[in-house]
Amino acid sequence: MYNFGVIICGKFAISKMSKEVISIGSESRPPMLVMGEYQQWKRRMINFLDLIDENVMKSIREGLVKITVTVVEVPQTETTPRLPAYVVEKPYDMYNPEQRARAAVEKCALSLLTMALPNDMYAWVDSLTNARDMWI
């Protein structure tokens with residue numbers, strides 16, 4: 001019998017489990033990638049991510065979507081030169097509810113993928129900032 005010590009973290013429960021349970025995963029913890037078992041892990045991870053939210057795997061496949069806003073052109077006046085229109089990344093506090101939800105799913109995907117990596121493998125991808133890059 002396993003001794004589960006459960007800690008609630010957001011909507012996920014993190015448990016102290018045996019190595020076998022960790023490599024397979026559970027409903028509350030992603031499967032841990034083990035060297036030499038990538039294909040099995042990939043299938044388990046896709047199933048796990050779909051169980052959490054079908055949009056998580058969709059976000060990984062599509063990649064991070066940069067949300068931008070166009071700053072309109074400012075015409076020339078007697079005291080200022082003409083400023084051309086340009087595009088900038090939209091600040092998070094200006095996101096609409098749909099954009100915030102998409103950003104939250106991307107953050108969740110990145111977090112779950114990093115949780116599924118042992119420390120030695122995490123060192124290879126710790127500089128990546130989106131889930132798609134980490135998955136590929």
Side-chain angles (χ1 to χ4, degrees):
M1 201 62 161
Y2 297 110
N3 180 15
F4 293 101
V6 178
I7 303 167
I8 302 299
C9 176
K11 70 177 194 179
F12 304 105
I14 302 171
S15 305
K16 297 177 183 178
M17 299 175 261
S18 71
K19 285 186 177 184
E20 296 82 27
V21 173
I22 289 173
S23 69
I24 293 172
S26 69
E27 287 185 8
S28 61
R29 182 145 179 91
M32 184 68 68
L33 177 58
V34 176
M35 192 69 77
E37 296 182 6
Y38 175 75
Q39 290 303 321
Q40 298 93 323
W41 172 83
K42 182 178 178 182
R43 186 72 245 151
R44 286 184 181 132
M45 193 64 180
I46 289 171
N47 290 336
F48 174 78
L49 294 173
D50 284 340
L51 177 68
I52 298 297
D53 182 343
E54 63 188 28
N55 292 318
V56 173
M57 199 61 218
K58 180 180 176 185
S59 174
I60 292 170
R61 286 187 189 106
E62 292 177 0
L64 181 64
V65 175
K66 293 284 186 184
I67 300 169
T68 60
V69 62
T70 302
V71 178
V72 296
E73 178 180 335
V74 177
Q76 181 177 350
T77 65
E78 292 179 10
T79 57
T80 60
R82 181 185 81 79
L83 299 173
Y86 58 96
V87 177
V88 295
E89 190 170 340
K90 190 175 189 178
Y92 182 79
D93 60 338
M94 292 177 64
Y95 283 12
N96 64 36
E98 183 181 323
Q99 293 165 334
R100 285 181 187 256
R102 174 137 185 151
V105 167
E106 170 64 26
K107 188 175 183 178
C108 178
L110 183 64
S111 176
L112 291 169
L113 286 175
T114 57
M115 287 171 52
L117 299 175
N119 290 340
D120 57 336
M121 290 182 191
Y122 176 73
W124 298 339
V125 297
D126 68 342
S127 64
L128 300 177
T129 58
N130 68 71
R132 179 175 172 78
D133 290 347
M134 189 175 287
W135 185 258
I136 295 173

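Along the sequence shown, residues carry numbers from 1. Computed from a prediction, not measured in an experiment: that's the story for all the values here.
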Applying salt bridge (Lys or Arg N to Asp or Glu O under 4.0 Å), can you list everything that pairs with [X], at least two apart in sequence or on another chain?
X     : result
Arg61 : none
Glu98 : none
Glu62 : Arg102

Residue list, side-chain contact (heavy atoms from CB on, under 4.5 Å) with Pro75, at least two apart or on another chain: none
What residues, two or more places apart in sequence or in another chain, satisfy side-chain contact (heavy atoms from CB on, under 4.5 Å) together with Asp50? Ile46, Met57
Heavy atoms only: give me the nearest Pro118-Met32 pair and the separation to one decimal. N-SD, 3.4 Å
Specify the closest pair of heavy atoms between Leu117 and Met134, including all atoms of both residues, with the distance to one decimal. CD1-SD, 4.3 Å
Applying side chain to side chain donor-acceptor pair (under 3.5 Å), name anything that partners [X], two or more places apart in sequence or on another chain.
X      : result
Glu54  : none
Arg100 : none
Lys42  : none

Full working for side-chain contact (heavy atoms from CB on, under 4.5 Å) between Leu113 and Val125: CA-CA 10 Å; Leu113 286 175; Val125 297; over 6 Å; no
I'd like to know if the side chain of Asn96 reaches the main chain of Gln99, judged simply by a donor and an acceptor atom lying under 3.5 Å from each other, with no hydrogens or angles considered. yes
Could you give the distance from CG (Asn47) to CG (Leu49), rounded to the nearest 0.5 Å? 9.0 Å
Rounded distance [0.5 Å steps], CD1 in Ile52 versus CG in Leu112: 6.0 Å
Joint cluster assignment, [X] & [Y], ILVMFWY side-chain distance < 4.5 Å:
X      : Y      : answer
Met35  : Trp41  : yes
Leu110 : Tyr92  : no
Tyr95  : Val65  : no
Met115 : Met45  : yes
Leu64  : Ile136 : no

Given a cutoff of under 4.5 Å between side-chain heavy atoms of I, L, V, M, F, W and Y, with clusters grown through shared members, what are the other residues clustered with Leu83? Val74
Apart from Val69 itself, its cluster of hydrophobic side chains linked below 4.5 Å comprises Val71, Tyr86, Val88
Tell me the side-chain hydrogen bond (donor to acceptor under 3.5 Å, both in side chains) pairs involving residues 105-119, sequence neighbours left out? Ser59-Glu106
Applying ring-ring contact (aromatic ring centres under 6.0 Å, His included), can you list everything that pairs with Tyr122, at least two apart in sequence or on another chain? none
